[in-house]
S.K.: 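Following this message is one structure expressed as structure tokens.
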Amino acid sequence: MAVWLMKSEPDEFSINDLKHRQRENWDGVRNFQARNFMRQMALGDTVLFYHSSCKVPAIVGTATISKTAHPDPSCWNPESKYYDAKSTLEQPRWEQVELSFAGKLKRPITLTVLKAMPELEGFALVQKGSRLSVMPVAEPYWHTIQAKMLFES
DNA sequence: GCCAACGTTGGC
DNA sequence: GCCAACGTTGGC
């Protein structure tokens, strides 16, 4: 089972939104590297839910992959802010996965804390200039992060 | 295929 | 709100 990290701006879609809705299609990814990672996701994979572009950037919860990569319909919708004129029905270009809520952390693991952990050196999230919104979490990093996680009951 | 210009991300 | 870093686009 693989582990991934996905970023979301809490103003747009937060861990609480996912908790309330239980399932959500992760649409709007418009970066090829991020898309390619989504294509590698398998059913049941774990996702670390990360809040970005906010006061306290942090890992705030977990989800599981409940549907593997399939075309993201927002790329065909001219009304959508994610519309992509280069996407066609034959070649959608963009894909989404479906996430299912797994848990919310009692205490978010902040980016500041993550950066201070020497075991995470090399992890894309804490690397300077890294802007990837979807990234794999290699086993040793997952192990380290998992040890810090405490879930709400 | 190079690379300058532009747009976006996201921490601070 | 600033700006560094990065990705994408498009002219050549």
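Quick note on labels: first sequence line is chain A, next is B, and so on, each numbered from 1.
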S.K.: Measure the spacing between NZ of A/Lys106 and CG of A/Leu150 and express it to the nearest 0.5 Å.
M.R.: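 With rounding to 0.5 Å, NZ (A/Lys106) is 5.0 Å from CG (A/Leu150).
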S.K.: At their closest point, which heavy atom of A/Ser66 faces which heavy atom of A/Leu99, and how far apart are they?
M.R.: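 Smallest interatomic distance, heavy atoms only, reads OG-C, 3.7 Å.
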S.K.: Identify whether any heavy atom of A/Lys115 sits under 4.0 Å from a base atom; if not, whether one sits that close to sugar-phosphate; answer base, sugar-phosphate or nothing.
M.R.: sugar-phosphate
S.K.: For nucleotides 6-10 of chain C, print each protein N/O atom paired with a nucleotide N/O atom at under 3.5 Å, atom names and distance only.
M.R.:
from, atom 1, to, atom 2, distance (Å)
C/dC6, O2, A/Arg131, NH1, 2.9
C/dC6, O2, A/Arg131, NH2, 2.4
C/dG7, O4', A/Arg131, NH2, 3.2

S.K.: From CG of A/Leu125 over to C1' of B/dG11, roughly how many Å is that when rounded to an integer?
M.R.: 11 Å
S.K.: Of the options A/Asp27, A/Asp72, A/Asn31, A/Asp84, which is the one that meets A/Trp94 in a side chain to side chain donor-acceptor pair (under 3.5 Å)?
M.R.: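 One option only clears the test, and that one is A/Asp84.
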S.K.: Would you please indicate if the ring centroids of A/Trp26 and A/Phe49 are separated by under 6.0 Å?
M.R.: yes
S.K.: Would you please indicate if the ring centroids of A/Tyr50 and A/Trp4 are separated by under 6.0 Å?
M.R.: no
